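Below, all heavy atoms of this structure are taken into account, side chains as well, without hydrogens, waters or symmetry copies. Treat the numbers as computed from the prediction; the structure is a model and nothing was measured. Start at 1 and go down the list; that is how both ligands and their atoms are numbered. In what follows, residues are counted from 1 in the order of the sequence shown.
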Amino acid sequence: MKEQLQKIYDAAKADLQKANSISDIEDVKLKYLSRKGELNSIKKNLKDLSDEDKRIVGAFANEVANNLETEVKAKYDEFYKKELDEKLKKEKIDVTLSGKYVQMGHVHPITQTINEITDIFHTLGFSVAPDKHSPEVETEYFNFDMLNFPQDHPAKDMQDTFYTTVAPHVLLRSQTSGAQVRTMADTKPPIRIIAPGRVYRNENINSRKNNFFHQIEGLYIDKNVTMADLKGVMNEFLRLYFGASRPTRFRSSFFPFTEPSVEIDVECIMCKGKGCRTCSGTGWLEILGAGMVDVNVLKDSNIDPEVYTGFAFGMGVERLAMLKYAIDDIRLFFSNDERFLNQF
Ligand code: PHE
């Protein structure tokens, strides 16, 4: 048996000598040293020997296995180093090559517009109301009732407002004006806030209308606030956003929660005359509703109308962006077309 072992050892050494790559060396290891390898199958026959022979042959078998293992390892390390060196030489990185272009996302034009308008109102002394004062899922109470809407007002109708099924009287807000009421509920005047956010209306979608869009609500309440303040703040905002040369106009209007009420139009720059689909050929686009906070609204919110007065406004963010960048279709903002988005 000892001779047999010596033969295996010699054969293994010869194979190892011939080995020319890491994978050859692994083959040698598998053939001689693995559990099913040749050395192990010899060891299985040890049990047939006398005790004396068992000791001698067993010791020799272990010696052969240990030696072979050391030799295999030495050759493996040598080849590993060699192959690694070759690889490093071959795969040298050319640091002068130009990099791969990684496309980065950027802020959506609507968010950019909201940020720009928010910055303007910061300079005018307004701060952004906390999110809790301006939830997108709102109750009829804050979206309508506390804003002096009569119970049978058509805007409350299912045809204009999306009602949820989570509970009765819970809706997707149709305007950001609920933020006025929620702010007055836990803030003492003076109040000077804006509240930007998304609103929802059950509209037929076309180039001018989408069934969700964005508004920025504003509320200013203090002693001696007058219509002149409203006009001054709105004109200053328009000047800062559009520049001094852009024609704008005030029109009288009606909202249940302001009295008197106005709307502000901005001259349409998409207008190619009669057929303009954005302004229906009128030359003007409405961007904003505003007015002096109605006495009933102040009273309902426990603000004394004999001491305090104020104004509120709500502007359409998409309209403002369209009029600044000459975009003639509101749907472009929400279609995720990179050719459009990459222009901002
Ligand atoms: N909430 C009104 C709308 O959506 C706009 C508005 C806000 C008007 C505040 C007056 C005061 O049309």
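- With sequence neighbours excluded, no residue satisfies ring pair (Phe, Tyr, Trp, His ring centres under 6.0 Å) with Tyr32.
- Against a heavy-atom cut-off of under 4.0 Å, Gln215 is close to the following atoms of ligand 1: 3 (C), 4 (O).
- Assignment of Phe311 to the shell around ligand 1 is not supported, since no heavy atom sits closer than 4.0 Å.
- Evaluation of the side chain to side chain contact (heavy atoms under 4.5 Å, CB included) rule for Ser134 yields Arg173, Ala179, Ala195 as partners, not counting sequence neighbours.
- The shortest N or O to N or O distance between Thr258 and ligand 1 is not below 3.5 Å.
- Atoms CE and CG, from Met322 and Asp329 in turn, are 6.5 Å apart once rounded to the nearest 0.5 Å.
- Taking atom 7 (C) of ligand 1 as the reference point, the nearest protein heavy-atom neighbour is Gly314 N, 3.2 Å.
- Set against the non-hydrogen atoms of Ala290, the atoms of ligand 1 under 4.0 Å away are 8 (C), 10 (C), 11 (C).
- Close contacts between ligand 1 and Ser177 involve ligand atoms 1 (N), 7 (C) [criterion: under 4.0 Å to a heavy atom].
- Protein heavy atom nearest atom 6 (C) of ligand 1, with residue, atom name and distance: Gly289 O, 3.6 Å.
- Under the 3.5 Å distance criterion, with hydrogens and angles disregarded, a donor-acceptor pair is assigned to the side chains of Gln180 and Glu217.
- Glu138 and Tyr200 share no donor-acceptor pair across their side chains, judged by distance under 3.5 Å alone.
- At under 3.5 Å, a nitrogen or oxygen of Arg201, whether backbone or side chain, sits near a nitrogen or oxygen of ligand 1.
- Close approach of ligand 1 to Gln180 (heavy-atom distance below 4.0 Å) involves ligand atoms 9 (C).
- Closest to atom 12 (O) of ligand 1 among all protein heavy atoms lies Phe255 CE2, 3.8 Å.
- Of the protein's non-hydrogen atoms, the one nearest atom 2 (C) of ligand 1 is Gln175 OE1, 3.6 Å.
- Those atoms of ligand 1 that come under 4.0 Å of a heavy atom in Phe313, given as number and element, are 7 (C), 9 (C), 11 (C).
- Using a distance-only test at 3.5 Å, with no hydrogens or angles considered, no donor-acceptor pair links the side chain of Thr176 to the main chain of Gly197.
- Remark: Lys156 is not positioned above the aromatic ring of Phe149, lacking an NZ or CZ atom under 6.0 angstrom from the ring centre and at most 45 degrees off the axis.
- In summary, the aromatic rings of Phe212 and Phe334 are positioned with their centroids under 6.0 Å apart.
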